[in-house]
Amino acid sequence: MLWSNALIPTQKESPADAVAPSHVLLLRAGMIRQLGAGTYTYLPLGLRVLRKAERIIREEMDAAGALELLMPALHPIELWEESGRVATMGDVLIKFDLGGDRKVCLGPTHEEVITDLARSYITSYRQLPITAYQIQTKFRNEPRPRFGIVRTREFLMKDAYSFGADVEQLNASYDAMYEAYCRIFDRCGLPYVAVEAESGPIGGDASHEFMVPSPSGEDQLIRCSSCGYAANVEKAEVGTLAGPSPNSDGAPAPTEVQTPGQRTIEEVAAFLKVQPEETGKLLVYLADGKPVAVLLRGDHEANEGKVRRAFGAATLEPADAPTIQRATGSLIGFLGPIGLTIPLAVDQAVALMPRIVVGGNKEDIHLRDVVPGRDFPIDRVLDLRNAAAGDPCPRCGSALEVGNGIEIGHVFKLGTKYSDALGATFQDAEGKTRSLIMGCYGIGVNRIVASAVEAGHDANGIIWPLSIAPYEALIVPLQVDPDGEVMKLSQQIASALRFAGADVLIDDRDQRPGPKFKDADLIGIPLRVVVGERGLKEGKVEVKWRHDSEAFTVPAEDAPAAIVQRLVSARQELADRVERRAEERTARRGHAG
RNA sequence: CGGGGCGUAGCGCAGCCUGGUUAGCGCGCCUGCCUUGGGAGCAGGAGGUCACCAGUUCGAAUCUGGUCGCCCCGACCA
């Protein structure tokens, strides 16, 4: 491809409202253009990246035995009423009618459609297990699209669904998808981590997220650099906290203090001149509809999944103000653990505090010098909060680290939620009718693009991984006279690269070298070849990898072959690394199993 | 949905407070000359319903009211 024939509208200045590096650079490199909130056009360069990621996904999904199909984006609303998700998805579901009573929605995901397909065609255990996938545009009315193509209202997703006759088949499908995901992200050159994620009532190892660490990520990621433990903040466990139990000997009795209008932890701490970590906060939830209380250190965040499990409940929701008053006799802002009549669970961090400031269960009253165990019961001490930086790792006890990550993939054991709702059943070997056991597996294709830029850029522009770069090689002739030696050699190099199966872009624009080099760095093509009269006089052609700081030269006479050789070995290195990592995973599983 | 900010040329911005020539500047774009290994220089030029609607006024980019759109923080995110 000749640059002069391409549409690559690079920009020197970045738009004011772009914040994330991937957003700024994809715009400046002329790869995307915003149309509205959360909707982007992919220009030719950006589309090439998207297509390359898709291709890798297809190859690995096919290799894993998944079957590609394509489902509609337009769904009859009845299907979503059947599953109950018209209500649960709320405004995120984009609904409209086609005139008359024909109500439809745009698919935000495809569990309903695939399950409808399965209930029609899958009738026997002999057809199982089976996994199907598609790469398709999804629509979600996101309340807040952000960070360029990280969160959009319209996005490209690879979604796969497995159907099995039993849990063993589900686990095998899940493991195959997990492995395929690792291979996909390795091949895309992304520095991802697979983390345990909150999996709802199914529990166990039923859900993993694949995350690329990045400050622009929306999810919080907990990691242990010592042992490699990694988890979503929703799921991360806090290791057992060590420390002496509170000793009440000689401690003063609790005293009431006036705290008029001081409701939040920040207000109370500032008013009483103590640190938030010296206070406690009592939260009231409805666990399966019954009021329960949890006590946390003031600066900690409750983890609703942990709280729900602590009370053995199927559902958990924050209690509203009237319910709280009925259950505790007190007002929000002045709640405390003393004299409660509803079940109380205490976070382990609180149980280790020698003294604590808590609400007095009376308006405008807090209590100082409250001692856990003496002044309120600590018979139910558990891990109830989100892990924070510095907490002990649940595996090895080292300090945990907290960072952000972009979720690029998610694998999830669904069970029979949708097959039950839609009546997708099969007959087993005994002739009994049973529900299909499902798994679902998603990859955000646009997020592969965004996270590759987040993970690969410098002050000058994007640094694409070779496997998903819009072009693998960029040839920069500095003199563009079509009959000149420079252009002739450039064309020869391009031909040789194309013969080796490479994508090549030739910057044939009649520009001074400065802008051509700046644009080359900005769009981030991995291999840059500069052919100029000055170099040719010395019989040299300059070659530079975008990820290296230094260029090197090859003799002009065998430049085409030499450059092809460099590209071929770089591809091979990447392929070798993918296989090596796959072997490492196999070895680890061998140890574990 | 709460809080904050912004809509003026493809991009970045000034002008608005204090209403009054033909609405400016930089980048980019077009023509010519010149230049050619890290965003050169000179000369000429094209490009705007000043987001939209209504109002105030002799007169509105500028003042008032409303609407729409976009960004950031928070809430939300199978």
Side-chain angles (χ1 to χ4, degrees), chain A residues 7 9-20 23-24 27-28 30 33-40 43 80 83-93 107-112 115 138 140-148 150-153 155 157 159 161 197-202 207 209 216-220 232 234 318 406-407 410-415 417-418 421 438-442 444 459-461 476-481 484 486 507 509-522 528-538 540-542 544 551 553:
Chain A
L7 180 60
T10 59
Q11 286 171 197
K12 207 189 285 189
E13 287 172 298
S14 50
D17 44 13
V19 176
H23 190 195
V24 172
L27 286 169
R28 284 192 52 212
R33 180 183 162 86
Q34 181 171 19
L35 183 63
T39 52
Y40 285 85
L43 298 171
W80 287 78
S83 71
R85 284 213 286 182
V86 172
T88 56
M89 301 232 23
D91 290 337
V92 171
L93 192 65
T109 173
H110 281 70
E111 281 84 2
E112 279 78 359
T115 307
K138 310 288 195 222
R140 293 182 194 177
N141 184 18
E142 291 289 350
R144 190 176 158 201
R146 64 183 120 183
F147 298 144
V150 170
R151 177 171 292 274
T152 52
R153 295 215 166 104
F155 56 97
M157 183 168 168
D159 48 326
Y161 306 90
E198 182 56 43
S199 50
I202 296 176
S207 174
E209 287 174 352
S216 303
E218 301 179 289
D219 296 275
Q220 287 225 300
N232 182 310
E234 300 299 319
I406 299 174
E407 180 187 347
H410 196 165
V411 291
F412 196 94
K413 294 180 187 176
L414 278 175
K417 178 176 173 185
Y418 295 97
M438 295 173 58
C440 69
Y441 317 94
N460 296 317
V476 186
L478 294 178
Q479 290 76 30
V480 296
D481 169 15
V486 167
D507 188 356
R509 294 174 302 170
D510 187 12
Q511 295 279 347
R512 294 160 54 86
K516 295 176 88 157
F517 290 142
K518 287 289 184 190
D519 275 347
D521 286 347
L522 181 58
R528 189 188 80 183
V529 178
V530 177
V531 186
E533 279 170 357
R534 205 181 77 183
L536 285 193
K537 271 189 200 132
E538 300 169 20
K540 287 175 180 170
V541 167
E542 182 196 280
K544 181 176 176 298
T553 59

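Side chains included, hydrogens not; waters and symmetry mates left out as well; all remaining heavy atoms used. The structure presented is a predicted model; accordingly, all values stated were derived computationally and were not measured. In the text below, chain A, chain B and the rest are named by the order of the sequence lines, each starting its count at 1.
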Which nucleotide in the list [options] gets nearest to the side chain of [X]?
X         : options                : result
Val19(A)  : G39(B), C72(B), G38(B) : C72(B)
Leu478(A) : A40(B), G37(B), C71(B) : G37(B)
Lys417(A) : A78(B), C72(B), G39(B) : A78(B)

Distance check needed: [N] [atom2] versus [X] [atom1], whole Å only.
X         : N      : atom1 : atom2 : value
Asp507(A) : G38(B) : CG    : P     : 15 Å
Arg509(A) : U36(B) : CZ    : C1'   : 14 Å
Gln34(A)  : G10(B) : CD    : P     : 16 Å
Lys138(A) : A78(B) : NZ    : C1'   : 12 Å
Leu27(A)  : G10(B) : CG    : P     : 16 Å
Asp91(A)  : C1(B)  : CG    : P     : 8 Å
Lys516(A) : G37(B) : NZ    : P     : 12 Å

Fill in: Interatomic distance at P, U64(B) relative to G20(B), whole Å
15 Å
Item to complete: Determine the interatomic distance between P on U56(B) and the same-named atom on G65(B); round to the nearest Å.
Response: 15 Å
List in chain and number order the residues that pass side chain to side chain donor-acceptor pair (under 3.5 Å) with [X], two or more places apart in sequence or in another chain; answer none if no residue qualifies.
X         : answer
Glu542(A) : Arg528(A)
Thr10(A)  : Asp519(A)
Asp159(A) : Gln134(A), Lys138(A), Tyr161(A)
Glu218(A) : Arg146(A), Arg151(A)

Within the 4.5 Å heavy-atom criterion, are [X] and [Y] side-chain neighbours or not?
X         : Y         : value
Phe517(A) : Leu478(A) : yes
Thr152(A) : Glu142(A) : no
Asp481(A) : Val486(A) : no

Item to complete: Would you kindly compare Phe147(A) and Asp219(A) by the position of their nearest RNA chain B nucleotide and give the one closer to the 5′ end?
Response: Phe147(A)
Worksheet item: Of Ala18(A) and Met157(A), whose closest RNA chain B nucleotide lies nearer the 5' terminus?
Response: Ala18(A)
Worksheet entry | Residues forming a salt bridge (charged side-chain N to carboxylate O under 4.0 Å, His left out) with Glu111(A), sequence neighbours excluded | Arg85(A)
Worksheet, complete the sentence: Residues passing the salt bridge (charged side-chain N to carboxylate O under 4.0 Å, His left out) test with Lys544(A), sequence neighbours excluded, are none
Worksheet item: Taking OP1 and OP2 of A40(B), is either one under 4.0 Å from a side-chain nitrogen or oxygen of Arg512(A)?
Response: yes
Once you apply the 3.5 Å cut-off to both distances, tell me the Watson-Crick or G-U wobble partner of [N], or none.
N      : answer
U49(B) : none
G20(B) : C58(B)
C6(B)  : G69(B)
G44(B) : C30(B)
G38(B) : none
C1(B)  : G74(B)

Practice prompt. Under the side-chain contact (heavy atoms from CB on, under 4.5 Å) rule, collect the residues that match up with Val24(A), sequence neighbours excluded.
Written response: Ser14(A), Ala18(A), Arg28(A)
Worksheet item: Which residues pass the side-chain contact (heavy atoms from CB on, under 4.5 Å) test with Ala421(A), sequence neighbours left out?
Response: none
Worksheet item: Residues in ring-ring contact (aromatic ring centres under 6.0 Å, His included) with Tyr40(A), at least two apart?
Response: His23(A)
Worksheet item: What is the per-nucleotide protein-contact pattern of nucleotides 43-50 of chain B, from the 5' end, where B denotes a base atom under 4.0 Å from a protein heavy atom, S denotes such proximity for sugar-phosphate atoms only, and - denotes neither?
Response: --------
Worksheet item: So what does Thr88(A) touch, heavy atoms closer than 4.0 Å: a base, only the sugar-phosphate, or nothing?
Response: nothing
Could you list the protein-to-nucleotides 74-76 of chain B atom pairs, N/O on both sides, closer than 3.5 Å?
unit_1 : atom_1 : unit_2    : atom_2 : d
G74(B) : N7     : Arg144(A) : NH1    : 3.3
C76(B) : N4     : Arg146(A) : NH2    : 2.9

Worksheet item: Are the side chain of Lys516(A) and the backbone of Asp507(A) linked by a donor-acceptor contact shorter than 3.5 Å?
Response: yes
Could I get a table of every N or O pair under 3.5 Å where one atom is in the protein and the other is in nucleotides 26-33 of chain B?
unit_1 : atom_1 : unit_2   : atom_2 : d
G26(B) : N2     : Glu13(A) : OE1    : 2.8

